2 protein chains.
Amino acid sequence: MTPTSTPLSAPAPSENWLRLDRQICFSLHAASRAFNGVYRVILKELGLTYPQYLVMLVLWEQGELPVKKLGEHLRLDSGTLSPLLKRLETAGLVIRERSARDERSVEIRLTEEGAALRERALQVPRRIVSATGFELEEISELRERLDQLTGALDAAALEEEPGARQG
Amino acid sequence: MTPTSTPLSAPAPSENWLRLDRQICFSLHAASRAFNGVYRVILKELGLTYPQYLVMLVLWEQGELPVKKLGEHLRLDSGTLSPLLKRLETAGLVIRERSARDERSVEIRLTEEGAALRERALQVPRRIVSATGFELEEISELRERLDQLTGALDAAALEEEPGARQG
DNA sequence: CACAATTCAATTGCGCACAACTAAATGGCC
DNA sequence: GGCCATTTAGTTGTGCGCAATTGAATTGTG
């Protein structure tokens with residue numbers, strides 16, 4: 001079963017760490033994709049992908065705003081947002097319009113259809129929460145945990161690699 | 001702060017749910033990418049991407065195994081694994097070889113170089129754990145939580161869409 | 001006003017995730 | 001042996017994530 005990695009008589013601690021890493025890596029990666037998968041199924045009815053839904057959530061909440069701001073909310077750059085927003089425009093959900101006061105900036109705003117889609121989206125969260133099988137309390141707790149993790153990781157990333165982008 | 005979305009005098013519950021959804025979506029999505037980002041920085045030294053590292057972790061632990069089994073461990077299909085494994089082969093870390101006893105199957109095994117890379121990878125988990133700022137106990141706890149979540153989501157996905165794959 | 005530095009969106013290139021499909025090999029059945 | 005469903009990798013196409021680059025607009029400075 002273990003042709004190459006015959007454990008030594010006294011396995012070093014680092015061996016165990018590697019195994020632990022395998023476990024946490026898999027868990028987070030799997031959870032992320034499982035979440036994505038459930039959203040994919042549910043959002044198909046709305047004609048949205050998961051990242052597109054994230055963009056729409058921001059627009060429904062914040063109203064019109066430039067690509068730059070949208071990227072800050074979502075922590076995504078133009079390389080991801082530009083093509084995504086074009087697809088949303090093609091779908092008739094948003095309008096991309098260069099700002100009159102600053103020609104570099106592109107304002108994103110909802111079409112009537114895009115705004116109307118919000119009504120249909122209102123049923124999504126309930127179904128997601130139901131799919132998790134968690135209590136609201138537990139979800140909030142998990143969310144706080146994840147935010148805490150993200151904060152620590154972002155800070156650490158800056159230390160590991162000084163040449164970091166994204167304010 | 002709230003340019004367009006002036007809350008009504010009595011906001012409906014579903015409105016709050018949508019806001020909650022925005023929060024949990026963002027948190028999980030952000031955590032996943034933050035994690036990915038830290039690994040990317042650290043794994044660059046090994047010449048591996050994060051998914052490639054996941055594959056190597058399995059190979060270091062399990063030894064030689066067919067693409068099918070690899071996919072089951074990682075919950076990934078051939079559409080993802082085939083090109084990934086080709087890149088690992090090009091990098092000289094693994095060898096892809098059709099099984100003699102079943103010509104449909106392709107066995108993946110480590111080269112000497114691939115096996116040797118394990119030694120350098122042993123320092124990765126410690127750096128990751130350090131980057132999270134979490135105690136080992138907390139990480140295990142989070143991992144269990146995530147696994148629980150994944151289990152529930154997978155089960156729910158099957159109910160939402162009967163035509164699901166992935167054993 | 002002229003010029004350099006900065007900001008912002010878009011583009012290009014690479015890799016991953018996943019659905020849908022193709023092709024080859026296998027195994028069961030008659 | 002001949003036929004058909006199943007298994008297994010691979011391929012194609014679409015979309016996301018991110019680094020790096022480009023190009024236009026703006027701002028700062030003299």
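Convention: sequence-line order gives letters A, B, ...; per-chain numbering from 1. Here the structure is a predicted model, which is why all the values come from computation and not from measurement.
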To the nearest angstrom, the CD-P distance between E72(A) and dT7(C) comes to 12 Å
So, does the side chain of T49(A) form a donor-acceptor pair with the base of dG15(D) at under 3.5 Å? no
- prompt: Under 4.0 Å between a side-chain N or O of S82(B) and OP1 or OP2 of dG10(D)?
  reply: yes
Of S78(A) and E103(B), the one whose closest nucleotide on DNA chain C sits nearer the 5' end is S78(A)
From NZ of K68(B) across to P of dT6(D) the rounded distance in Å is 14 Å
Atom CD1 of I108(A) and atom C1' of dC8(C) are separated, to the nearest Å, by 13 Å
CD (Q123(B)) and CG (L46(B)) are apart, to the nearest 0.5 Å, by 6.5 Å
*Thinking salt bridges, do D154(A) and R75(A) make one under a 4.0 Å N-O criterion?*
yes
Atom CZ of R98(A) and atom P of dA25(D) are separated, to the nearest Å, by 8 Å
Problem set entry | Charged N-O contact under 4.0 Å between R145(B) and E138(A) | yes
- Query: Closer than 4.0 Å, any side-chain N/O of K86(A) to the OP1 or OP2 of dT11(C)?
  - Reply: yes
Practice task
Give a yes/no answer on whether the side chain of R96(A) brings an N or O atom under 4.0 Å of OP1 or OP2 in dA10(C).
Solution key: yes
Regarding the side chain of T80(B), the nearest nucleotide among dT7(D), dC18(C), dA25(D) is dC18(C)
The reported gap from CG in L28(A) to OG1 in T150(B) (rounded to nearest 0.5 angstrom) is 9.0 Å
Distance check: side-chain N/O of R104(A) vs OP1/OP2 of dT27(D), anything under 4.0 Å?
no
Of the candidates dA9(D), dA19(C), dA9(C), the side chain of P66(A) sits closest to dA9(C)
note: L48(B), atom CG; dC14(C), atom P; distance rounded to Å ~ 19 Å
Nearest-nucleotide check on DNA chain C, L85(A) vs R40(A); residue mapping nearer the 5' end is L85(A)
OP1, OP2 of dA9(C) versus side-chain N and O of S105(A): anything below 4.0 Å?
yes
Smallest heavy-atom separation, L149(A) atom then L142(B) atom, equals CD2-CD2, 3.8 Å
L81(A) atom CG is separated from dA9(C) atom P, nearest whole Å, by 9 Å
Hey, does P83(B) reach any base, or is it just sugar-phosphate, or nothing, if we go heavy atoms under 4.0 Å? nothing
**Q.** Phosphate OP1/OP2 of dG15(C): any K44(B) side-chain N/O under 4.0 Å
**A.** no
In whole angstroms, the gap separating P of dA9(C) from CG of D102(A) amounts to 8 Å
**Request:** Can you label the angle between the W60(B) ring and the Y53(B) ring as parallel, tilted or perpendicular, going by 30° and 60°?
**Result:** perpendicular
If only side-chain N and O atoms of R33(B) are considered, is one of them under 4.0 Å from the OP1 or OP2 phosphate oxygen of dC18(D)?
yes
Whole-Å distance, L70(A) CG to dA9(C) P, equals 10 Å
Between E107(B) and P51(A), the residue closer to the 5' end of DNA chain D by nearest nucleotide is E107(B)
